[in-house]
There are 2 protein chains.
Amino acid sequence: MATRKRMSPLAEQILEALEERGYRTTEPRRAVAQVVANQDRHFTAEELRQMLPGLGRATVFRSLKLLVDVGVLCRVLLEDGALHYQMSLRGHHHHLLCVECGISQDLTGCDIEDVLTQTSDRHGFELSGHWLEVYGRCRDCRSKEAVSA
Amino acid sequence: MATRKRMSPLAEQILEALEERGYRTTEPRRAVAQVVANQDRHFTAEELRQMLPGLGRATVFRSLKLLVDVGVLCRVLLEDGALHYQMSLRGHHHHLLCVECGISQDLTGCDIEDVLTQTSDRHGFELSGHWLEVYGRCRDCRSKEAVSA
DNA sequence: GTGGTAACAGATACTTGGGCTCAATAAGGA
DNA sequence: TCCTTATTGAGCCCAAGTATCTGTTACCAC
Ligand SMILES: [Mn+2]
Ligand SMILES: [Mn+2]
Ligand SMILES: [Zn+2]
Ligand SMILES: [Zn+2]
C-alpha cells in the first residue's frame with residue numbers, strides 16, 4: 001500500500017463533490033484534485049496535463065469535463081478565444097478578466113439578467129441562458145501604470 | 001482570361017471593405033465573398049471549406065480571420081461551445097440564439113453596457129470590452145409548439 | 001478479509017479547428 | 001510592361017478533444 005499523501009482541505013472538498021455524485025475516489029482523481037486546488041489562476045488543459053505528467057492524456061481530459069460538470073471548475077473564455085479552466089464558486093457567474101495580467105475575478109451577482117429578459121421579450125425570444133465574459137484592466141494593473149506615469 | 005462571374009452587390013461590398021483596408025482583390029477572395037454573401041445563417045469554418053472545394057485550407061482560414069478583422073463576419077459562440085461565423089452588421093453587437101432551430105438574431109443596441117460599467121467600477125476594473133451570447137427559443141419555435149400543444 | 005462487478009485508467013488511434021513555412025504565383029502601381 | 005510585394009496552396013505541426021478497447025481498481029456485499 002502506498003503512503004497516501006495528505007491532501008489540502010480544498011482538494012478533499014473536490015473529491016467529496018465527486019463522491020456525492022457517485023463518482024469513485026481514485027488515485028488519478030486525487031492527483032487532479034490536489035493540483036487543481038492549488039491553482040489560483042485559470043489554466044489550460046495543456047497546462048494541467050504538464051502538471052500531471054504521470055496521468056494518461058485521456059484521463060486528464062475526462063477529469064476536466066467531470067469537474068466542469070459537477071461545478072468544481074468553470075470554463076473561462078479569453079479575449080483571443082482561448083479556453084481556460086478555473087476553480088469555481090458553484091452556480092451561475094461571470095468573469096472580469098484583466099487583459100494585461102490575465103487575472104480573473106468572479107462576478108457572482110448576475111446583474112444583467114433583467115436587461116436580458118427585457119431585450120429577449122422585445123424580440124419574442126424566451127430566454128433560457130447566456131454567456132458573458134467581461135474584459136478590462138484590474139485595479140493592480142491600473143495603479144501600477146499610475147505610478148510609472 | 002477567365003470569364004469573370006457577375007457578383008452580387010453584397011459580395012462586391014465585401015471586396016470593397018477589403019480594398020479599403022489595402023487588401024488585394026484576388027480570385028480566391030472573390031469566391032469567398034460570393035459564398036459568404038449568400039449565407040443567411042451562421043456557418044462553421046468546415047462548412048465554408050466544403051462550399052469552396054477549390055480553395056486551399058489555409059486560404060479559407062485566412063479569409064475567415066481577415067473578414068472577422070475587417071468586420072464583415074462576426075464570430076458566434078453556440079451553447080455547446082462550437083464556433084460559427086456569420087455576416088455581420090458593422091460594429092459591436094450580440095446575438096440571440098435559438099437553441100431549437102439555431103437561428104441567430106442580432107442585438108444591435110447593447111443595453112448591458114451601463115450595468116457592466118457599474119459592476120466593473122465596483123471591482124476597480126476599467127472596462128474595455130465584453131463578449132455576450134444569449135440563448136433561448138425564438139418566436140417561431142415558440143408559436144409552433146403552442147399550435148401542437 | 002474475500003470476491004464480484006461496474007467503474008475507471010491508460011494506450012492508441014482518430015478528429016476537428018486551426019497555425020506556420022516556404023516556394024510559386026498573381027495584383028496592381030509605376 | 002515590369003517590378004515588388006501580397007497572396008496562395010501544399011504540407012506539416014499543434015491543441016484540444018473523443019472513441020475504443022484492455023487491463024486494473026474501488027467499493028459493496030458477504
Ligand atoms: Mn468562474
Ligand atoms: Mn453577429
Ligand atoms: Zn491586471
Ligand atoms: Zn427557433
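So you know, we letter chains A, B, ... as the sequences are listed, proteins then strands, and number each from 1.
Note: CZ (B:R49) to C1' (D:dA10) measures 13 Å, nearest angstrom. A straight line from CZ of B:R21 to P of D:dA6 spans 17 Å, rounded to a whole angstrom. Counting to the nearest Å, the P atom of C:dG18 and the CG atom of B:L67 are 14 Å from each other. For A:K65 and C:dA9, the NZ to C1' distance is 17 Å, given to the nearest whole Å. When rounded to the nearest whole Å, the span between CZ of A:R24 and C1' of D:dA26 equals 5 Å. Note: CG (B:L66) to P (C:dG19) measures 12 Å, nearest angstrom. Per the geometry, CD belonging to B:E27 stands 21 Å off P belonging to D:dA6, to the nearest Å. In this structure, the CZ atom of B:R30 is 13 Å from the P atom of C:dA26, given to the nearest Å.
Taking 3.5 Å as the limit, the base of C:dG19 and the side chain of B:R62 contain no donor-acceptor pair of atoms between them. With hydrogens and angles ignored, no donor-acceptor pair under 3.5 angstrom links the side chain of B:R29 to the base of D:dT7.
Distance alone, capped at 3.5 Å, places no donor-acceptor pair between the B:D106 side chain and the B:T108 backbone.
Of all nucleotides listed (C:dC8, D:dA16, D:dT5), D:dA16 comes nearest to the side chain of A:T44. In the set D:dG17, C:dG10, C:dG18, the nucleotide with an atom closest to the side chain of A:P28 is C:dG10. Checking C:dC20, C:dG18, C:dT12 against every side-chain atom of B:A58, the shortest atom distance belongs to C:dC20.
Both A:W131 and A:Y135 belong to a common hydrophobic cluster when Ile, Leu, Val, Met, Phe, Trp and Tyr are linked at side-chain heavy-atom distances under 4.5 angstrom.
In this pair, A:H84 and A:H42 present their aromatic rings perpendicular. The plane angle is above 60°, beyond the 30 to 60° band.
Proximity of B:T26 to the phosphate of C:dA26: no side-chain N or O atom is located under 4.0 Å from OP1 or OP2.
Backbone-only contact: B:Y85 has heavy atoms under 4.0 Å from sugar-phosphate atoms and none from a base.
Across the interface with DNA chain C, nearest-nucleotide mapping of B:E19 and B:A82 shows B:A82 to be the residue nearer the 5′ end. Where B:R57 and B:Y23 each meet DNA chain D at their nearest nucleotide, the meeting point lying more 5' is that of B:Y23. Comparing A:F61 and B:L55, the nucleotide of DNA chain D nearest to each residue sits closer to the 5' end for B:L55.
Of the candidates A:R137, A:R142, A:R139, A:E100 forms a salt bridge (Lys or Arg N to Asp or Glu O under 4.0 Å) with just one, namely A:R137.
Put simply, the side chain of A:C101 reaches to within 4.5 Å of the side chain of A:C138, judged on heavy atoms.
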